[in-house]
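Shown next, in structure tokens, is the structure this report addresses.
Keep in mind the model is a prediction, meaning the values are calculated, not measured. Below, chains carry the letters A, B, ... as their sequence lines are ordered, and counting in each starts from 1.
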Protein chains: 2
Amino acid sequence: MTIGSLAEATQTRVETVRWYEKVGLLPPPARSKGNYRLYGPEHLRRLSFIRRGRALGFTVEQIRDLLALADDRERSCGEVDTIARAHLADVERKLADLTRLASELREVIGQCGCGSVADCRIIEALSPLGEPA
Amino acid sequence: MTIGSLAEATQTRVETVRWYEKVGLLPPPARSKGNYRLYGPEHLRRLSFIRRGRALGFTVEQIRDLLALADDRERSCGEVDTIARAHLADVERKLADLTRLASELREVIGQCGCGSVADCRIIEALSPLGEPA
DNA sequence: CTTGACCCTGTAGTGACTACAGGGTGCATG
DNA sequence: CATGCACCCTGTAGTCACTACAGGGTCAAG
């Protein structure tokens with residue numbers, strides 16, 4: 001399996017696959033006589049894991065930890081749970097922030113009568129001192 | 001007003017103020033005889049505008065555009081409205097993404113009985129081929 | 001034997017800062 | 001007057017997770 005097929009199979013860019021190797025998430029594969037990377041099913045599994053983790057918003061560092069934990073099959077999965085819960089808490093914080101932000105934006109936009117900038121409510125809302133900047 | 005007081009007044013780091021100057025959001029202020037930056041109320045207004053915009057999630061480029069529009073007080077604020085609406089659409093897209101993500105995470109976490117990694121549901125959920133990585 | 005798709009390494013860029021290193025300034029205290 | 005300390009200066013490099021080349025090599029088909 002060349003890097004191109006692996007990338008296609010996992011919906012990843014070729015450069016990204018090489019980057020995962022460089023930062024140590026993906027082990028260096030064998031090389032062909034022409035120095036092409038040659039991947040096997042184990043690489044496909046591991047890269048799929050990484051991509052799924054990224055899609056769920058885990059950071060690369062979190063995935064590195066999860067991979068290390070996953071490799072040690074006897075270990076209790078309490079640490080895995082901890083990472084996942086911490087991440088969920090993070091996501092929920094961002095969600096709350098964005099929700100507040102969206103409603104503030106909607107309010108600001110709703111007030112704009114689209115006259116001239118001189119009395120634009122959006123510009124005013126951005127100028128906390130009351131005067132336009 | 002020194003950079004330190006300006007920074008404190010706007011809840012900004014000193015380095016960030018200098019960075020805004022470097023990228024052209026904040027005009028270079030006068031200097032003291034010891035080469036310290038000296039700011040006036042106009043700078044305070046402009047920096048407040050920038051910080052409020054950032055807090056609402058506008059990018060620096062969007063703020064640059066908004067500042068240019070705000071400076072031209074005769075212009076119709078249609079362009080301002082366009083930028084704000086585009087940004088709101090963006091925020092709402094992110095909100096939808098995060099909401100989906102959070103519910104996926106909650107589901108994954110809910111299934112984990114916290115036994116050994118070998119049958120951890122979280123690890124399994126990350127391994128789309130059915131086998132742990 | 002040439003074309004074109006693929007692959008290689010290495011470096012630089014993205015956004016919005018943050019974190020120094022290595023120095024200078026200004027004011028209060030001894 | 002000397003010293004200490006908080007503050008300021010410039011410039012560079014680091015963050016995160018990639019992305020985008022530049023400049024070259026490999027491989028299979030026609």
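Legend: residues meeting salt bridge (charged side-chain N to carboxylate O under 4.0 Å, His left out) with B:E61, ordered by chain and number and at least two apart, are B:R64. Not counting sequence neighbours, A:R13 has no partner by the salt bridge (charged side-chain N to carboxylate O under 4.0 Å, His left out) test. Residues satisfying the salt bridge (charged side-chain N to carboxylate O under 4.0 Å, His left out) test with B:E104, not counting sequence neighbours, are A:R52. For A:D65, there are no side chain to side chain donor-acceptor pair (under 3.5 Å) partners at least two apart in sequence or on another chain. A search for side chain to side chain donor-acceptor pair (under 3.5 Å) contacts involving B:T16 returns nothing, not counting sequence neighbours. Residues meeting the side chain to side chain donor-acceptor pair (under 3.5 Å) test with B:E107, sequence neighbours left out: none. When the side chain to side chain donor-acceptor pair (under 3.5 Å) test is applied to B:S103, no partner is found at least two apart in sequence or on another chain.
Whole-Å rounding puts the B:W19 CH2 to D:dA13 C1' distance at 16 Å. The separation between B:L6 atom CG and D:dC7 atom P is 15 Å, rounded to whole Å. Counting to the nearest Å, the C1' atom of D:dA17 and the CD atom of A:E61 are 11 Å from each other. Between the OH atom of B:Y39 and the C1' atom of D:dC8 there is a distance of 11 Å, given to the nearest Å. Rounded to whole Å, the distance from CD1 on A:I50 to P on D:dC16 is 17 Å. For A:L56 and D:dA17, the CG to P distance is 15 Å, given to the nearest whole Å. One interatomic measurement links the two molecules: CG of A:L26 to C1' of D:dC18, which rounds to 15 Å at whole-angstrom precision. Look at CZ on B:R31: it is 13 Å from C1' on C:dT25, rounded to the nearest Å.
Residue pairs that meet the ring pair (Phe, Tyr, Trp, His ring centres under 6.0 Å) test with at least one member in residues 77-107 of chain B, sequence neighbours left out, are B:F58-B:H87. The ring pair (Phe, Tyr, Trp, His ring centres under 6.0 Å) analysis of residues 9-28 of chain B, with sequence neighbours excluded, yields no pairs.
Mapped onto DNA chain D by nearest heavy atom, B:S5 and A:Y20 fall at different nucleotides, with B:S5 at the one closer to the 5' end. Residue A:K22 is the one, among A:K22 and B:T59, whose nearest nucleotide of DNA chain C lies closer to the 5' end (criterion: closest heavy atom).
Not one side-chain nitrogen or oxygen of A:R37 sits closer than 4.0 Å to the OP1 or OP2 atom of C:dC7. Proximity of B:R13 to the phosphate of C:dA16: no side-chain N or O atom is located under 4.0 Å from OP1 or OP2. Remark: B:T16 is not in phosphate contact with C:dC17, judged by side-chain N or O atoms under 4.0 Å from OP1 or OP2.
Contacts of residues 85-104 of chain A with DNA chain D (heavy atom under 4.0 Å): none.
Within 6.0 Å of the CD atom in A:E8, the count of heavy atoms belonging to other residues, nucleotides or ligands does not exceed 12.
Judged purely by atom type and a 3.5 angstrom limit, A:T10 uses its side chain to pair as donor or acceptor with the backbone of A:L6. Under a 3.5 Å cut-off, the side chain of B:R46 and the backbone N or O of B:L25 do form a donor-acceptor pair.
Two end axes, each from the C1' atoms of five base pairs, can be drawn for the helix from C:dC1-D:dG30 to C:dG30-D:dC1; they diverge by 30°, to 10 degrees.
Nearest nucleotide to the side chain of B:V60, out of D:dC9, C:dC17, D:dA17: C:dC17.
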Footprint string (nucleotides 21-30 of chain D, 5' to 3'): B base within contact, S backbone only, - free, heavy atoms under 4.0 Å: ----BBS---
